[in-house]
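Each remark here refers to the structure printed beneath this line.
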Amino acid sequence: MSIFVNKDTKLVVQGITGRDGSFHTKQMMEYGTQVVAGVTPGKGGQKFEGSVPIFDTVAEAVKETGANTSVIYVPAAFASDAIREAVDAGCRLVVCISEGVPVNDMAVTYKYVKERGAQLIGPNCPGIISPGQSKVGILPAQITAEGKVGVVSRSGTLTYEVVDQLTRNGLGQSTCIGIGGDPIIGTGFLDCLEAFENDPETEAVVLIGEIGGDDEERAAEYIQTKMSKPVVSFIAGRTAPPGKRMGHAGAIVSGGKGTAESKVKAFEAAGVRVADKPSDIVPLLAESYEPARKALEGR
Amino acid sequence: MSIFVNKDTKLVVQGITGRDGSFHTKQMMEYGTQVVAGVTPGKGGQKFEGSVPIFDTVAEAVKETGANTSVIYVPAAFASDAIREAVDAGCRLVVCISEGVPVNDMAVTYKYVKERGAQLIGPNCPGIISPGQSKVGILPAQITAEGKVGVVSRSGTLTYEVVDQLTRNGLGQSTCIGIGGDPIIGTGFLDCLEAFENDPETEAVVLIGEIGGDDEERAAEYIQTKMSKPVVSFIAGRTAPPGKRMGHAGAIVSGGKGTAESKVKAFEAAGVRVADKPSDIVPLLAESYEPARKALEGR
Amino acid sequence: MKVHEYQAKEIFASHGLPVPKGEVATTVDEAVAIAEKIGGPVMVKAQVHVGGRGKAGGVKYAEDIEAVRKHASAILGMDIKGLTVEKVLITEAMDIDEEYYVGLLMDRASKSPMFIVSAAGGIDIEEVARTTPEKIHTLVIDPRYGAQAFQARRLAYGVSSDPAVVKGMTKALLTLYRIYVESDASLVEINPFIKAKDGSVWAVDAKLNIDDNALYRQPKIEAMRDLSEEDPSEVEAKEAGLSFVKLEGNVGCLVNGAGLAMATMDLVKYFGGQPANFLDIGGSSNPDKVVTAMKIILRDENVKAILFNIFGGITRCDDVAAGLIKAVEMLDVPVPIVARLTGTNEEEAREMLKGTKLHPAATMDEAVQLALELAGEGK
Amino acid sequence: MKVHEYQAKEIFASHGLPVPKGEVATTVDEAVAIAEKIGGPVMVKAQVHVGGRGKAGGVKYAEDIEAVRKHASAILGMDIKGLTVEKVLITEAMDIDEEYYVGLLMDRASKSPMFIVSAAGGIDIEEVARTTPEKIHTLVIDPRYGAQAFQARRLAYGVSSDPAVVKGMTKALLTLYRIYVESDASLVEINPFIKAKDGSVWAVDAKLNIDDNALYRQPKIEAMRDLSEEDPSEVEAKEAGLSFVKLEGNVGCLVNGAGLAMATMDLVKYFGGQPANFLDIGGSSNPDKVVTAMKIILRDENVKAILFNIFGGITRCDDVAAGLIKAVEMLDVPVPIVARLTGTNEEEAREMLKGTKLHPAATMDEAVQLALELAGEGK
């Protein structure tokens, strides 16, 4: 098991012929993801890497190949349209990698996706990987390993850092998901925590938050009231000055809200251990999760 | 029983202090409709006719009085906002009398109402009356009588004409509803036919259509496949020239579509008798509805 | 309300749609001057608010100035389905390779705007829909979200794989949607949307109908109204808040409510007569409206009798009676009047009409039959 | 992106909001001329992109021209939180009776725009929210439908029963929503929205923040950008596609990804050091970016060591290594560089960096500790 993507994921890549799209499609194919179609308007009829059919529209791609999931690598100005196109064509899961999507567009797109019962991950996210099954997005697969720890994060490379440490310590992952750093994202911590809680394969969860918003605070409450599995967290941005956007559009402390302190406090109040630095995550996990303890001891 | 309005209808009147609003509110109160509140922005705190409290907003009216239904008499330019306000405030049924609402506004308003699970009757309609229980709108109550015939119509005064003939022939009505003559209306023939079919008190239905659109054709199909109760129809506009809007924004034969012939043909093909003139409706009803036959004989 | 092709094209062009060069002329000399300015072959197109102007000879190709002069002379002043051509559009003649239809209208069934696209452009789309419906591609737009680029693109790919056509049509569709919303349209259409021999795409014709209910907030478009294209009686009626449509019979009808007005016309026909008009005095009760309505009906010399059919709901019978009495006093009514007033305040009305020369009637059937009799035509 | 009060007011006024007369001045003489044109008492208001200008003495009431001259002299050139005041707005002083707050912003929790209204206007709204949250009225707007008149009216009635205030505020809220949508704003606010002693209502202050992600389609607003209000290094970074924020420490950080960059800064602090900056080189792999990033970091003389922390995903380690090698070649780098490159193409990168004077590190902890040691500050 795993959450959101698995062996049955049949992927259509929107923007498959672009620089990033083509690079990462090759990586996904090498990993074993079922990439069944690509979409680039005007290139319908061609083949990607000699094997993946390219279509002008997602509707056609879904109709011809039965794709159930889409990943988007188009420029930000076209990302909202691409998300809506994928949902309209029947994709149940849409992963939007594109960075820089206007937030007011996303507010409407979010409604569009929800109303049609689909799920969006991102935008501005690294995607999702269920090791050994399917990789959708840009996460570097070589640092992951099959296993039972779920990882959810608002960051990209910081996720890799943490996943890398898990793997090096012998802790494989059920699914690693980067939900994105924008103020409005399709899938939040709560959705992922609920899915991990319900996934029989997942035994523990690592949550990586950052400054801005109050998603971590709400996640803390959820963990305290609804989760049975151990969760360890890390919050980035303790040294970030207020009023400054730290790269991510959503990572900003404003009006005294969204501070790392508030998030750490919320997690600690909820009984969730918070790591002071990324390398503390595995040791903290060992306190409540037996396999982590054994893995550390075995080193 | 009855459909849509009954003894439990607690009405808020939007535009209660206007010329039409005040006139018809008095008529509704005289009839016995539970008019619990009125709304006119800026007149909050006053009383209508010394008894009905007036509020600035529908939200306040609903909160203070428990109104569950709204009737709207505001100018067309404000009607869409009034409908949305009523639905947002929690009214489950909204009856919009106002005529001249822009159709593109109504397309959006229709979605707004549906999405919130409420029901809209109209706009540009005479409203609805369940004789002996509640009158909401402008239908002249004195021509109605309690009984078991359901009446649904796209027209206003033509409805009165038909109801008057039913009453004069001893055939009372369960509910009479004027759905309005605009291209986009909240409640159509199908909604009403389904409600009449499910209403144990209604034994027969009179449907009054007119040129334009294909609602009558779809009603004919519905009656044929889903209805057990006898239905008699009348179609206005057999002499209307094509391409000309006949008063109602929706009453127009264009591109060879929406002709009276097409509608008559559809009803006849569905086994629904179509009256050649309004005075033929009761005699036709007598052919399939025993109480009508007895009523005619008894005269 | 309809606007002329040249006006619609101005609106289209201001939104960035590719429209062939052209200007409108009201005289032959103007037409020639415009053609000279454009240079090369042009089209001379009658600007009238009716369909089928092409078949009626109102659209001509002019190879040279001589031909422009000839065609403009013939078309200006021409009568097309009862309307006199007052203006011609002189516009660049395009070297057409492919013709498409692209349009957007309010679809009653889905209660939403709907795109219509076809590779069978340049001809009557209703005819295409009737004979070869498979050539028509439609797509319903959710008005909460508006038209999406992917929807326009999908429609365009449905009729062409030519990149220039797909790109141009996608843009055209999205632009038409914007125009539709911004101008409160009920229909906006380009027929034909063409690909020229050089590969470029153009909106060669343009149609834009506006929702009358929204004109109050469209002052710029309302200013485009061409009253010479409308029946003066209908215009006068509309200004007075009435709905009037002229017909060919001799029984003038004055009714409250559109449905009842149609039913009254139908009943005149049923009893062997012919209605002279459709007239709905509308939902309010202003006596002046009745006066105006009478004036409009009496302007028609065919009218031999007038039939009032009023069922009072929001309209009060006493108001109508007051208007009727006022009208009879003010106007010299040369024909008999049958009055059937029932519903709200009918007793008051009956009282008011006593002692007048009006012929009362109790039912519709009776009223219509009496009117036909008085018009000398009763069965 | 932020625009100045005077620019926001121009936008507000163009949408029909009541804005007091006023113009912007860059010199004292201009300020005086504007005040003379306005006549009567005016406000002299510093135009800077920071909050709290009032407390800093950047907003003054001027009874007469002498006072205008005095205050403009004092405020122009004033330093407010590190920014020099280059412009003052000279604007009609209103006779204030009541002060309200009206604003609209993107609410993350509801993922929708949200109105905020309060009768406690004229003061810091965040302070009001913190101390007397019951004075704040909010209303989430469904972006598919936009702001509804009834919603604006309901909010207005929530803070006032004065007809002029309700009417003016209702209109102001609907207009703010339109401005918000049309200009791709993330925040738009009037604080205070006032009722004057004569009963009229006015937008006395104006704030408009634009979503940077949407600037590409807001050329008119982008043209309002005042670069003198922004840190030149941050501007240069943004132009190169980097995210840079200057901090006070001595360890320059160059990281890919915002989360990792923050975690790196936090780790510097954790090990007892101070980061000199936040710098995210972003998600693509352009070697030139690394060069620009290095230049920006080296401009800060406090920097004693540079820490590269790259985890390759979409960014390829070999590209970063190439950029790094190029940067070191081009620039005379006077401080030690610690390079930790891992992830996509890390082997290629390791190979490329062999034989350079860079200090390699395998883990974040090791890299940070090494950098601190090299900066002479390690624990």
Side-chain angles (χ1 to χ4, degrees), chain A residues 19-20 23-24 27 76-77 97 99-108 110-112 126 138-140 142-143 153-161 164 181 183-184 208 210-215 218 234 236-241 244-251 255-256 260 276-279, chain D residues 50-51 106 108-109 111-113 125-126 129-130 142-144 180-181 184-186 211-214 216-217 243 245 247 249 255-271 274-275 278-280 282-284 309-316 342-344 363-365 368:
Chain A
R19 184 184 192 275
D20 292 340
F23 176 80
H24 289 288
Q27 300 238 322
I97 309 302
E99 180 180 352
V101 185
V103 70
N104 288 325
D105 291 1
M106 273 312 301
V108 179
Y110 180 82
K111 294 267 185 189
Y112 190 96
I138 64 175
L139 290 131
Q142 70 273 17
I143 57 166
S153 169
R154 273 168 70 188
S155 308
T157 48
L158 177 56
T159 318
Y160 313 163
E161 181 70 40
D164 190 46
I184 296 184
I208 302 155
E210 56 186 39
I211 53 164
D214 64 352
D215 286 358
R218 289 187 290 144
F234 175 77
R238 297 183 190 215
T239 50
K244 287 285 187 182
R245 169 177 157 171
M246 305 303 280
H248 289 174
D276 284 332
K277 57 182 194 294
S279 56
Chain D
V50 288
M106 177 53 69
R108 288 168 72 145
K111 297 180 167 64
S112 299
I125 195 70
E126 284 158 3
R130 212 172 49 77
D142 185 330
R144 298 169 304 164
Y180 176 91
V181 170
D184 279 311
S186 54
D211 177 6
D212 286 338
N213 285 347
Y216 73 91
R217 61 189 182 196
S243 270
V245 177
L247 300 170
V255 190
N256 69 320
L260 191 60
M262 285 189 277
T264 305
M265 284 157 44
D266 295 350
L267 200 60
V268 168
K269 181 91 180 287
Y270 178 86
F271 283 116
Q274 291 290 349
F278 166 92
L279 195 153
D280 171 12
S284 101
N309 187 14
I310 302 295
F311 210 116
I314 202 165
T315 304
R316 307 182 203 167
T342 188
T344 308
T363 67
M364 266 180 83
D365 288 357
V368 169

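Proteins come first, then strands; the chains are lettered A, B, ... in the order of their sequence lines, and each starts at number 1. Fair warning: this is a prediction, and the values are worked out from it, not measured in the lab.
Using a 4.5 Å cut-off between heavy atoms, A/Val101 touches chain D through its backbone atoms (N, CA, C, O) alone. Residue contact with chain D, scored on non-hydrogen atoms closer than 4.5 Å, involves the side chain of A/Glu210 exclusively. For D/Ala185, the part lying under 4.5 angstrom from a heavy atom of chain A is the backbone only. Neither the backbone nor the side chain of D/Thr264 comes within less than 4.5 Å of any heavy atom of chain A. Neither the backbone nor the side chain of A/Leu139 comes within less than 4.5 Å of any heavy atom in chain D. Neither the backbone nor the side chain of A/Tyr112 comes within contact range of chain D; no heavy atom of the residue lies under 4.5 Å from a heavy atom of that chain. In this structure, no portion of D/Arg130 lies under 4.5 Å from any heavy atom of chain A. The contact between D/Met106 and chain A is made entirely by side chain atoms (from C-beta outward), counting heavy-atom distances below 4.5 Å. Within the 4.5 angstrom heavy-atom criterion, atoms from both the backbone and the side chain of D/Asn256 approach chain A. No part of D/Leu279 comes within reach of chain A, as not one of its non-hydrogen atoms sits under 4.5 angstrom from that chain.
Ranked by non-hydrogen atom pairs under 4.5 Å with chain D, the options A/Pro102, A/Ala260, A/Ala236, A/Ser155 are led by A/Pro102. When the candidates A/Ser279, A/Ala251, A/Pro126, A/Ser153 are compared by the number of heavy-atom contacts under 4.5 Å with chain D, A/Ser279 comes out ahead. Highest contact tally toward chain D, considering only A/Ala77, A/Gly181, A/Ala76, is held by A/Ala77 [criterion: heavy-atom pairs under 4.5 Å]. The candidate from A/Pro241, A/Ala240, A/Pro278, A/Gly250 with the greatest count of non-hydrogen atom pairs under 4.5 Å with chain D is A/Gly250. When D/Pro143, D/Ala129, D/Pro275, D/Ser243 are compared by the number of non-hydrogen pairs under 4.5 Å with chain A, D/Pro143 comes out ahead.
In terms of heavy atoms, D/Lys269 sits closest to A/Thr239 at CB-CG2, 3.5 Å. Smallest separation of non-hydrogen atoms from D/Asp365 and A/Lys277: OD2-CE, 3.5 Å. Shown here for A/Gly212 and A/Arg154, the closest heavy-atom pair between the two residues is O-NH1, 3.1 Å.
The shortest side-chain heavy-atom distance between A/Asp164 and D/Phe311 falls under the 4.5 Å cut-off. A 4.5 Å side-chain heavy-atom check between A/Arg238 and A/Asp276 finds at least one atom pair inside the cut-off. Here the side chains of A/Phe23 and A/Asp20 are not in contact, with every heavy-atom distance at 4.5 Å or above.
Applying the 6.0 Å contact sphere to NZ of A/Lys111 captures more than 12 heavy atoms from other residues, nucleotides or ligands.
With sequence neighbours excluded, the residues that form a salt bridge (charged side-chain N to carboxylate O under 4.0 Å, His left out) with A/Lys244 are D/Glu234. Residues satisfying the salt bridge (charged side-chain N to carboxylate O under 4.0 Å, His left out) criterion with D/Asp266, sequence neighbours excluded, are absent altogether.
A salt bridge is defined here as a Lys NZ or Arg NE, NH1 or NH2 lying under 4.0 Å from an Asp or Glu carboxylate O, and D/Arg108 with A/Asp215 fails to meet this definition.
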